[in-house]
Amino acid sequence: MFRIAICDDIPDERERIRLVLKQGLDDCKMKAEIIEYESGAALLAAWEEAKLDLLFLDIYMSGPDGVETAR
């Protein structure tokens with residue numbers, strides 16, 4: 001099973017991405033666990049244990065933005 005992270009500081013945006021991902025996964029008959037993070041700092045704090053396969057990072061966030069988080 002894939003583990004996918006959505007990292008965005010706006011809850012509505014995380015939900016929108018989650019819905020699009022879920023629809024695409026369902027269409028392909030694939031299963032994935034989708035985990036949401038409200039900040040780059042929260043994602044980085046969970047990084048070692050999360051064992052993620054795919055990241056969706058918002059570029060504009062307070063604290064470490066998506067680019068800084070990816071680095």
_To the nearest 0.5 Å, what is the distance between CG on Leu44 and CZ on Arg71?_
12.5 Å
*In Å, rounded to the nearest 0.5 Å, how long is the span from CG of Asp8 to CZ of Phe56?*
12.0 Å
*asked:* With a 3.5 Å distance limit and no angle check, can you tell me whether Arg3 reaches the backbone of Leu54 through a side-chain donor-acceptor pair?
replied: no
_Quick check: is Ile17 connected to Phe2 through a chain of hydrophobic side chains (ILVMFWY, heavy atoms under 4.5 Å apart)?_
yes
*Where the side chain of Asp9 meets the backbone of Glu38, is there a donor-acceptor pair that is under 3.5 Å apart?*
no
_Could you measure the distance from the CZ atom of Arg16 to the CG atom of Leu21? Nearest 0.5 Å is fine._
14.0 Å
*same_hphob_cluster(Leu19, Ile34) at 4.5 Å side-chain heavy-atom cutoff*: no
*Are Ile35 and Trp47 connected, step by step, through hydrophobic side chains (Ile, Leu, Val, Met, Phe, Trp, Tyr) whose heavy atoms are closer than 4.5 Å?*
yes
_CE-CD1 distance between Met30 and Ile4, expressed to the nearest 0.5 angstrom_ = 7.5 Å
_Let me confirm one number: the CE-SG distance from Met61 to Cys7, rounded to the nearest 0.5 Å._
3.5 Å
*Kindly write out the residues that satisfy side chain to side chain contact (heavy atoms under 4.5 Å, CB included) with Ala42, not counting sequence neighbours, or none if the list is empty.*
Tyr37, Ser39
*Common cluster, Leu52/Leu57, ILVMFWY with side-chain heavy-atom separation under 4.5 Å*: yes
*Dump the intermediate steps for side chain to side chain contact (heavy atoms under 4.5 Å, CB included) on Asp58 and Ile6, then the final yes or no.*
CA-CA 8 Å; Asp58 182 13; Ile6 301 168; over 6 Å; no
*About how many Å separate CZ of Arg18 and CG of Leu25, when rounded to the nearest 0.5 Å?*
10.5 Å
